[in-house]
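Read through the structure below, which is laid out as C-alpha cells, and then see the notes.
Below, all heavy atoms of this structure are taken into account, side chains as well, without hydrogens, waters or symmetry copies. Naming convention: chains lettered A, B, ... in sequence-line order (proteins, then strands); numbering from 1 in each chain.
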Number of protein chains: 2
Amino acid sequence: MEKKGMKTYSLDEVTDKYIGKKGTPKRDEFENELRLDLIGNAIKQARKERNLTQAQLGELVGVQKAQISKLENHLTDARFETILKVFKALNAKINFNVELLNQNLNLS
Amino acid sequence: MEKKGMKTYSLDEVTDKYIGKKGTPKRDEFENELRLDLIGNAIKQARKERNLTQAQLGELVGVQKAQISKLENHLTDARFETILKVFKALNAKINFNVELLNQNLNLS
DNA sequence: ATAAATGTTTCTTATTTAGGAAACAATTTT
DNA sequence: AAAATTGTTTCCTAAATAAGAAACATTTAT
C-alpha cells in the first residue's frame with residue numbers, strides 16, 4: 001500500500017474538504033433535522049458565539065427580545081421569515097436539503 | 001499517473017459516497033440556501049415526484065389546497081410548523097445546517 | 001372542441017405570531 | 001449582600017397566516 005503518482009485522499013482529508021477543517025469557521029456547520037427546537041438551539045448557540053444578549057439580537061433582527069426568548073426556548077411557532085431574519089442578523093448561512101424517502105408506491 | 005496498490009477515488013466516486021448514487025432515493029437530496037422560494041420549489045418538486053395534486057397534498061398535510069399553491073409559488077410567508085408538516089406528509093426528511101460566517105469581532 | 005381535472009386567486013373569518021410595554025425571575029458583577 | 005444586567009412571562013393590541021368556500025384560469029384528457 002504505497003502511493004505513487006496519482007494523489008490519494010484519506011477519509012479525514014475528504015471530510016476536511018467537504019465539511020471544513022477543525023478550527024475554521026465553517027466547522028461550526030453541522031447537519032440537523034429541521035425542527036423548531038433544534039432551530040431554537042442553533043439560534044441560542046450562535047447568539048452566544050456572537051456574544052449578544054437577546055435584547056441586542058432582537059434589535060438587530062427587528063423583533064422584541066421576548067420573541068427571541070420564545071424562539072430559543074421553542075415556546076412558540078414562528079414565521080418562516082422571522083427565523084431567516086434571525087440567522088441573517090447573526091451573519092450566519094443556513095442551508096437545507098430534502099431527502100425523499102423510499103416509498104412503496106402502488107402502481108395500480 | 002498510474003494507480004498501484006492503494007485504492008484511489010475519483011471525485012465522482014466521492015460524490016456518490018457522500019451525496020448518494022444517481023437513481024437511488026437519496027440522490028434527490030441536495031443542499032440549498034434556506035429561503036422561502038427554494039422551499040417552495042422543493043415542495044413542488046417533491047409533490048410531483050409523489051404524483052400528488054395540491055388538493056391531495058393539502059389533505060395529507062391538513063391545509064387547504066390554496067395554501068399549497070401559495071407556498072409553492074412563494075406568494076406568502078408561512079408558519080414554520082406548516083412547512084415541516086408538508087415535508088412530513090411527503091415522507092421527506094429535511095435537514096439544515098448553520099454556518100457562522102467569519103466576523104471581524106472587535107475585542108475592545 | 002369539450003369536458004374534466006388541476007391549479008390559482010379572492011372573498012370573509014378565525015387563529016396565531018409578533019409588537020409594545022411592563023412585571024417578574026434568574027444570573028452576573030461589583 | 002446589593003445592584004445591575006440578562007432572560008422569562010404576561011398583559012392587550014396589531015398584523016399576518018390559514019380556514020372555509022367559491023369563482024376563475026389553466027392544463028390535461030377524451
The reported gap from OG1 in T76(B) to CD in E81(A) (rounded to nearest 0.5 angstrom) is 10.0 Å

What's the closest nucleotide to the [X] side chain, out of [options]?
X: D77(A); options: dT6(C), dT17(C), dA18(D); result: dT17(C)
X: Q67(B); options: dT8(D), dA18(D), dT10(D); result: dA18(D)
X: T53(B); options: dT9(D), dA18(C), dT6(C); result: dT6(C)
X: V63(B); options: dT17(C), dA19(D), dT8(C); result: dA19(D)
X: R47(B); options: dA18(C), dT10(C), dG7(C); result: dG7(C)

I39(B) side chain reached by F87(B) side chain, heavy atoms, under 4.5 Å: yes

Is the shortest heavy-atom distance from the side chain of T82(B) to the side chain of Q67(B) under 4.5 Å? no

Please give, in whole Å, the distance from [N] [atom2] to [X] [atom1]?
X: I68(B); N: dT6(C); atom1: CD1; atom2: C1'; answer: 14 Å
X: K65(A); N: dA21(C); atom1: NZ; atom2: C1'; answer: 10 Å
X: K70(B); N: dT8(C); atom1: NZ; atom2: P; answer: 12 Å
X: Q54(B); N: dA18(D); atom1: CD; atom2: C1'; answer: 15 Å
X: E72(B); N: dT8(C); atom1: CD; atom2: C1'; answer: 11 Å
X: N51(B); N: dA5(C); atom1: CG; atom2: P; answer: 17 Å
X: I83(B); N: dT17(C); atom1: CD1; atom2: C1'; answer: 15 Å
X: Q64(A); N: dC11(D); atom1: CD; atom2: P; answer: 17 Å

Hey, does G58(A) reach any base, or is it just sugar-phosphate, or nothing, if we go heavy atoms under 4.0 Å? nothing

Contact class for L75(B) vs. all strands (heavy atom < 4.0 Å): base, sugar-phosphate, or nothing? sugar-phosphate

If the threshold is 4.0 Å, N to carboxylate O, is there a salt bridge linking R35(A) and E33(A)? yes

Pairs meeting criterion salt bridge (charged side-chain N to carboxylate O under 4.0 Å, His left out) with involvement of residues 52-70 of chain B, two or more places apart: none

Please check the phosphate of dT16(C) (OP1 and OP2 only) for any side-chain N or O of T76(A) closer than 4.0 Å. no

Just N and O in the side chain of N73(A): are any of them under 4.0 Å from OP1 or OP2 of dG7(D)? no

